[in-house]
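Remarks on the structure that follows.
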2 protein chains.
Amino acid sequence: MQNTALGRKLGAFVALSAPEISALESLHKRRRTFVAGRDLVHQGQSEQAAYILASGWAVSYKIMEDGQRQIVDFQIPGDFLGLRSVLFHLSDHSVEPVTNIDVTEILLPDLLDAFSRTPRLAMAILWAASRDEAMVVEHLVGIGRREATERMAHFLLELGARLALVGMGSKAGFDCPLTQYHLADALGLSAVHTNRVLRKLREWGMLTFRSGTVRFDDYDRLAEFAKFDPTYLDQTGPLLK
Amino acid sequence: MQNTALGRKLGAFVALSAPEISALESLHKRRRTFVAGRDLVHQGQSEQAAYILASGWAVSYKIMEDGQRQIVDFQIPGDFLGLRSVLFHLSDHSVEPVTNIDVTEILLPDLLDAFSRTPRLAMAILWAASRDEAMVVEHLVGIGRREATERMAHFLLELGARLALVGMGSKAGFDCPLTQYHLADALGLSAVHTNRVLRKLREWGMLTFRSGTVRFDDYDRLAEFAKFDPTYLDQTGPLLK
DNA sequence: CGTGGGTTTGATGACGGTCAAGCCTAGTGG
DNA sequence: CCACTAGGCTTGACCGTCATCAAACCCACG
């Protein structure tokens, strides 16, 4: 069970029993692979599938009429991709792999089947969806009320914390396949300003973003500067025993 | 069932059967009332309840260390209040009634019980949570990429569409208990700029925000100006028959 | 060794914040 | 019945953060 990143994540909310684990495993059929850059969920289209990300990074975003794009969130192993797109008539967003990725596909009937097998798993999935929403909410707060430098710091700290939960990062930093354009589109900034902000953080000795890695040069000072409080990630252990 | 706003809303996703309706009704016990301005969900506290809003308006928001506040969304009849706060160890946000409100309280065991009675209701609630997330996502896009005037127009159009679904609004407008301070905190603007933006929209003959009402003076032109596409509200009828 | 994606830096200006003040209206108390 | 108040709205002046435009650099890759 702990072999899947999703299992590990859900374990942070419910202590899963054997039948629940098997119901969860039954969702992990149909493995697929997608190459970097080719969308796997398409905004505005119907009958999209959802996926659980097994390895690699993805990005979910919305495109506006004038071609601007707003990145909603990045997904890392254990995260759902396009869950809303199976529940809605038309997908409200797109998902693109940042790297090559491995996923398992989930269709609506699979989900319904799993729900009827165990209500606690349904609850766990509702929790996971709510956690995603909490991250979007925090992101909203960042864009609405934090200035650029603090926003950047906060965002990278969040990513670090999420990656740590699945063993892909620590307070020292993490491997990061994103470009400055990704960060700009996520944070509502221009690429130019993104670059300036990163320079500041580097010059201040707080973090270094370069060539595929994020290094926290002074984690504590960075966290204080960004007022990072990871409560909203709710990673403190099972609530439902 | 159509007597509850929530039932009406969920009916937009699943065609509910008799047992599902009764499971839903079993969630509508414990009626309570809260007065305007007194928070009913508290950011940072544990063991919060969730509620279904029966009448009145509420607002969910996050407070930052420096006292700034970011409004995440407004809630109208049929919406959940504080759903994340029952699923998380600590609530990541607060909820305040804008007007006096009537609600029904929901505890975690109620939800688990309903889920075990009918998986389709669980699915419907997952859909409702996802729809909330979709609204937050659209809000994020607005703050990240739309300039102030367009953002305001889009936001008020969304509110209008949501209210229309529960019979509280139309393309002519709706009654609106919000102040310009509310709008400012929701849209990531200052109150001063909010006022200027509203003036522009009024002078352009698109909408009038005044003394408790929003009037769409030219709905079509406004919708075009804001590039309002309500797809993400997913209000087009049951997907699960 | 040329090309293109990603990064870096400078110059300029707009959108929206802050500060400050005044106005308008509903509700309260003398 | 009339101050008086407080919350909400409106407007002006000024300024800062961040966008835009432009150009150059760096490096991996074909």
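Letters A, B, ... mirror the listed sequences (proteins, then strands); counts begin at 1.
To the nearest 0.5 angstrom, B/D175 atom CG is 9.0 Å from B/L163 atom CG.
Atom pair A/L183:CG and C/dG6:P shows a separation of 12 Å (rounding to whole Å applied). Taking atom CD of B/E150 as the reference point, atom P of C/dC15 lies 13 Å away to the nearest angstrom. Going from atom CG of A/N195 over to atom C1' of C/dT7 covers 6 Å, rounded to whole Å. As a whole-Å value, the separation of B/D185 CG from C/dG17 C1' is 14 Å. Between B/R210 atom CZ and D/dT10 atom P there is a gap of 8 Å when expressed in whole angstrom units. Spacing between atom CG of B/L178 and atom C1' of D/dG7 amounts to 16 Å, rounded to whole angstrom units. Between A/L198 atom CG and C/dT8 atom C1' the separation is 11 Å, expressed in whole Å. Going from atom CD1 of B/I143 over to atom C1' of C/dC15 covers 16 Å, rounded to whole Å.
In this structure, A/Q180 reaches the C/dT8 phosphate: one of its side-chain N or O atoms is under 4.0 Å from OP1 or OP2. Between B/R199 and D/dT11, a side-chain N or O to OP1/OP2 separation shorter than 4.0 Å is present.
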- Item | Worked verdict on B/R30 versus B/I106 for side chain to side chain contact (heavy atoms under 4.5 Å, CB included) | CA-CA 8 Å; B/R30 282 190 291 277; B/I106 297 184; over 6 Å; no
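A salt bridge links A/D73 and A/R162; the closest N-O separation between the charged side-chain nitrogens and carboxylate oxygens is under 4.0 Å. One finds a salt bridge joining A/K62 and B/E138 here, because a Lys/Arg side-chain nitrogen approaches an Asp/Glu carboxylate oxygen to under 4.0 Å.
A ring pair (Phe, Tyr, Trp, His ring centres under 6.0 Å) check over residues 43-69 of chain A, counting only residues at least two apart or in different chains, returns the pairs A/F34-A/Y51.
Here B/S46 pairs with nothing under the side chain to side chain donor-acceptor pair (under 3.5 Å) rule; sequence neighbours left out. A search for ring pair (Phe, Tyr, Trp, His ring centres under 6.0 Å) contacts involving B/F225 returns B/W204, not counting sequence neighbours. By the salt bridge (Lys or Arg N to Asp or Glu O under 4.0 Å) test, A/K29 pairs with no residue at all, sequence neighbours left out.
Side-chain atoms of A/E65 do not come within 3.5 Å of backbone N or O of B/K227 as any donor-acceptor pair.
Within the helix from C/dC1-D/dG30 to C/dG30-D/dC1, the inter-axis angle between the opening and closing five-pair segments is 30°, rounded to 10°.
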- Query: For nucleotides 14-30 of chain D, read 5' to 3', which letter fits each nucleotide if B means a protein heavy atom sits under 4.0 Å from the base, S means only the sugar-phosphate is that close, and - means neither?
  - Reply: ----BSBB---------
